[in-house]
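Input: a single structure, listed below in structure tokens.
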Amino acid sequence: SLIFWTCDCGLNLNTGYYDVGKIVTRRSAIALNYLKGWLLFDICMIALDWANVLIQISGDGKSTGLSSFRSLRVLRSLRLLRLMKLGRLGAIIEEASIAAGKQWLVLVVALVKIIGAILIS
């Protein structure tokens with residue numbers, strides 16, 4: 001997962017986004033959007049992962065100053081917050097479908113959300 005999240009950080013700098021029904025593909029705008037959103041969070045999570053790898057590599061049974069970072073493993077669970085982005089996925093699909101003139105897709109997304117909520121609860 002360390003490799004995935006490290007690569008994901010770079011890929012997010014090259015992934016366009018929708019803004020008011022139009023896709024934004026300018027890299028400067030993408031980078032600014034990522035900076036305002038998830039970049040700091042991603043960097044913190046990746047840094048914790050790499051710190052954990054360094055602890056495991058340097059761990060030879062002796063207590064080191066880095067061993068205090070082991071308690072930070074719990075913070076890795078914060079990565080689940082990234083799933084919040086999926087909550088915005090419906091809004092993105094809705095904007096894109098309205099811009100494309102496919103309002104029926106908005107209804108499909110709403111139905112999938114409702115069915116998913118029923119199945120989860």
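Following chains of ILVMFWY side-chain contacts shorter than 4.5 Å, one cannot reach Tyr17 starting from Trp38, and the two form parts of different hydrophobic clusters. Phe4 and Val53 fall within a single hydrophobic cluster, where Ile, Leu, Val, Met, Phe, Trp and Tyr side chains are chained together by heavy-atom contacts under 4.5 Å.
Residues that satisfy the side-chain hydrogen bond (donor to acceptor under 3.5 Å, both in side chains) test with Thr25, not counting sequence neighbours, are absent from this structure. The side-chain contact (heavy atoms from CB on, under 4.5 Å) check on Leu40 picks up Cys44, with sequence neighbours excluded. The side-chain hydrogen bond (donor to acceptor under 3.5 Å, both in side chains) search around Asn14 returns Arg27, not counting sequence neighbours.
Annotation for Asp42 and Cys9: closest pair CB-SG, 4.4 Å, computed over non-hydrogen atoms. Val24 approaches Asp19 most closely through the heavy-atom pair CG2-CB, 3.8 Å. Between Asn12 and Ile30, the shortest heavy-atom distance links the atoms O-CG2, 3.6 Å.
Within the 4.5 Å cutoff, the side chain of Thr6 has heavy atoms near those of the Trp50 side chain.
Residue Ile46 holds its CD1 atom at 8.5 Å from CH2 of Trp5, rounded to the nearest 0.5 Å. Considering OH of Tyr18 and CG of Asn33, their distance stands at 14.0 Å, rounded to 0.5 Å. Between the CG atom in Asp8 and the CD1 atom in Ile3 there is a gap of 12.5 Å [rounded to 0.5 Å]. Distance check, rounded to the nearest 0.5 Å: CG of Leu13 to OG of Ser28 gives 12.0 Å.
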